[in-house]
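Everything on this sheet refers to the single structure shown next.
Count residues from 1 along the sequence. Keep in mind it's a predicted model, so treat the numbers as computed, not measured.
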Amino acid sequence: MKKFLTLLLALATFTAAGCGGNSSDKNYLPVMLERSVISLDSSYVIDTTSMEVLGNCVEGLLRLGRDGKIVPALADSYEISEDGKIYTFHLRDAKWTNGDEVTAQDFVFAWRRVCRDANEYAYLFSDIAHVKNAAAIISNRISAVTLGVSAPDSKTLVVELEAPVPFFLSLVPLHIFYPVNEKFYNSLAAKTYAATPEKFLSNGAFVLEDYQPGAASIRLKKNDAYWDAANVHLDGLKYQVVTSPDEALTAFKNGTLKVVKISGEQVQSVRNDESLAKNLMTADVGHMHFLAFNVKNENLANQNLRLAITHAIDRESLVDNYVMDGSKPAYTAVRPNFAFYRDNGEDFAADQTKFAEYVNFDAAKARSHLELAKTELGAENFKLDLLYSRDAGDTFVKVAQALKAQLEENLPGVTINLQPATTAERLDKSARQRFDIVLDGWHPDYADPTTYLTLWQTGNANNFGHWSNARYDEIISDCMSGDYFNYEDYWAALYEAEGIVLREAAIAPLFFVSQTILIADGVKGIEFNAVNLPRVFKNATME
């Protein structure tokens, strides 16, 4: 009875906020959000839900277009100096929703503010982008006015880097690099910017119409002042927070939501329903899951034992029978359809067979490595604990159980003891190396292979297994310090680094996470990204 009443209440909510009650809403696309927006202040946004809503209202210099390619936004052109340290962006004519011109000074103000306040994503300016003086400003050693960004005139933005960064352009679309109207910001009371539609300015495809922090529904309407408004065909978006996949599926079936995410058993159910299967699609979300090995464990310090484990995993079976949401098996340390070569658009990880010698399902090869490990370690049996999050959804419980079954079947003498923990406990134990093997994962911060590959550098706080390799460290250090301004050499160096981490089985890649989405008939043109801005509705249409 409680479930029935809850469902009735949910349906009543969707009907009130849905697409049938107001004729003026007929071209507003109703879309599911999995959680509430936390903040729309670009300097403080840290979650992907907030990033999405913000990114559909505000544009930066460049943006991620279809298939993750970088395309012009507020900057219609740019130049890069010969030494790779100076980027000059030329802004097009664009307006804020209060009528003010979008100027280069808006970027100067916003970037200085991020570094001055040393917010969570400020490290992108210092450690990743190497913007001149960013590190010293963040550590409060010098004034923010010394940041290497300037506006010679209202339409020109000059960025100075301390070292060439081959992937700098892939950072620019991120929300932390968005502009903020300085005059408008300073007219508001402290810490009230972006708290309500009246205290927020848009320069993008949509503008806030109805919003409260933490609210269950958000309305965006088309921004008629947007520089590319002629190509925005929706009148607006109606976001509805739905945390229950069952309620999301029900809302899709009755038409009150036209874009929803489903998972697990629902995916199989929809695939078996001819009336719904045609509306099903999958999209990359950037996240990768892998096993990390604690090399402080005497047995797991043995490379052959680690290789035995990675060859004993049937990743196809994992995603088909246990994950079941469109996720793809992983055979590399960087996900495909994510990082693209700057000059020709080549996908860094398109070839998932590139490292098949080290990462594939081969039970015979796994047992061969196991026999070598037994000889080298002078042992016949190995008992290993597998730590995983029990509160991150049924998927991880099922995957952990499947891994135990696969490893024990394919590796005679190996026993896997499952260690379920809360996510907080897992992270704590991982940081203190209180594990043998941990089911770990990573969501990229920016669209370059280094966002993954820096994880296993010696001393990285997220290198929970404490694996270390001097040549690997050297390559990553050189790539991050700007020693490879030649993009071809940079790309080749990263491939070498990836080969090292997989050859030595520092990790065992498992699967690249995808989301399974239902999109109603007649809805087209939504762009999906694997990093930063999950969904872009600028070019979406609805019949």
How close do [X] and [Y] get, heavy atom to heavy atom, and via which atoms?
X    : Y    : answer
S481 : A163 : O-CB, 3.1 Å
G326 : T516 : N-OG1, 3.8 Å
L370 : P412 : CD2-O, 3.3 Å

Indicate yes or no for a side-chain donor-acceptor contact from [X] to the backbone of [Y] under 3.5 Å, with no hydrogens or angles considered.
X    : Y    : result
Q419 : L386 : no
S170 : F167 : yes
R306 : E504 : yes
S50  : I46  : no
N294 : K296 : yes
N463 : G459 : no
Y495 : F348 : yes
S430 : F464 : no
D347 : F340 : no
Q406 : I313 : no

Taking the side chain as everything from C-beta on, heavy atoms only, tell me whether [X] gets closer than 4.5 Å to [Y].
X    : Y    : value
T49  : S36  : no
L33  : V242 : no
P336 : Q352 : yes
L124 : L174 : yes
V399 : Y388 : no
Q401 : L418 : yes
T332 : P509 : no
Q457 : W467 : no

Got a second to check how far [X]'s [atom1] is from [Y]'s [atom2], nearest 0.5 Å?
X    : Y    : atom1 : atom2 : answer
Q266 : D246 : CD    : CG    : 5.0 Å
S42  : H175 : OG    : NE2   : 7.0 Å
R315 : S327 : CZ    : OG    : 14.5 Å
S514 : F528 : OG    : CZ    : 11.5 Å
M480 : I128 : CE    : CD1   : 3.5 Å
L276 : R271 : CG    : CZ    : 13.0 Å

Criterion side chain to side chain donor-acceptor pair (under 3.5 Å) on T353 and D351, from CA distance to verdict: CA-CA 5 Å; T353 66; D351 184 2; 2.5 Å; yes
In terms of side-chain heavy atoms, does [X] have a donor or acceptor partner in [Y] at a distance below 3.5 Å?
X    : Y    : value
S477 : D473 : no
T256 : N254 : yes
D273 : S275 : yes
T450 : Y446 : yes
D325 : S263 : no

Heavy atoms from other residues, nucleotides or ligands near CG of N140 exceed 12 (cutoff 6.0 Å):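 Atom CG in N140 is not crowded, with 12 or fewer foreign heavy atoms closer than 6.0 Å.
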Neighbour count >12 (heavy atoms, 6.0 Å) for atom NZ, K278: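 Yes, NZ of K278 has more than 12 neighbouring heavy atoms, counting only those of other groups under 6.0 Å.
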Contact list for residues 264-304, test ring-ring contact (aromatic ring centres under 6.0 Å, His included), sequence neighbours left out: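 Qualifying pairs, neighbours excluded: H287-H289, H287-H443, H289-F396, H289-F511, F290-W456.
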Within residues 301-333 or reaching into it, pairs that qualify as ring-ring contact (aromatic ring centres under 6.0 Å, His included) - sequence neighbours excluded: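 Listed once each, the pairs are H311-H369.
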Would you call [X] and [Y] a salt bridge, using N to O less than 4.0 angstrom?
X    : Y    : value
E496 : R471 : yes
D440 : R426 : yes
E408 : K404 : yes
K132 : E162 : no
K365 : E357 : no
R335 : D284 : yes
E34  : K261 : yes

Worked check of side chain to side chain contact (heavy atoms under 4.5 Å, CB included) between T48 and E52: CA-CA 6 Å; T48 54; E52 173 175 322; over 6 Å; no
L518/V270 under side chain to side chain contact (heavy atoms under 4.5 Å, CB included): CA gap, chis, key distance, verdict: CA-CA 9 Å; L518 281 168; V270 168; 3.8 Å; yes
Worked check of side chain to side chain donor-acceptor pair (under 3.5 Å) between Y452 and D445: CA-CA 9 Å; Y452 292 106; D445 287 335; over 6 Å; no
Test log, rule ring-ring contact (aromatic ring centres under 6.0 Å, His included), inputs F512 and F338: CA-CA 11 Å; F512 301 120; F338 164 73; 9.8 Å; no
Trace of the side chain to side chain donor-acceptor pair (under 3.5 Å) decision for N302 with E376: CA-CA 8 Å; N302 183 274; E376 291 166 355; 2.7 Å; yes
Test log, rule side chain to side chain donor-acceptor pair (under 3.5 Å), inputs T423 and D391: CA-CA 6 Å; T423 299; D391 61 347; 2.8 Å; yes
R63 vs E527, salt bridge (charged side-chain N to carboxylate O under 4.0 Å, His left out): CA-CA, chis, key distance, verdict: CA-CA 12 Å; R63 71 179 186 90; E527 298 173 7; 3.3 Å; yes
Cation-pi, F252 ring and K258 (6.0 angstrom, 45 degrees):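 No cation-pi geometry.
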Pair E247-Q240, side chain to side chain contact (heavy atoms under 4.5 Å, CB included): steps then yes or no: CA-CA 11 Å; E247 291 178 7; Q240 183 70 41; over 6 Å; no
Step-by-step side chain to side chain contact (heavy atoms under 4.5 Å, CB included) determination, V536 to N529: CA-CA 8 Å; V536 179; N529 295 317; 3.7 Å; yes
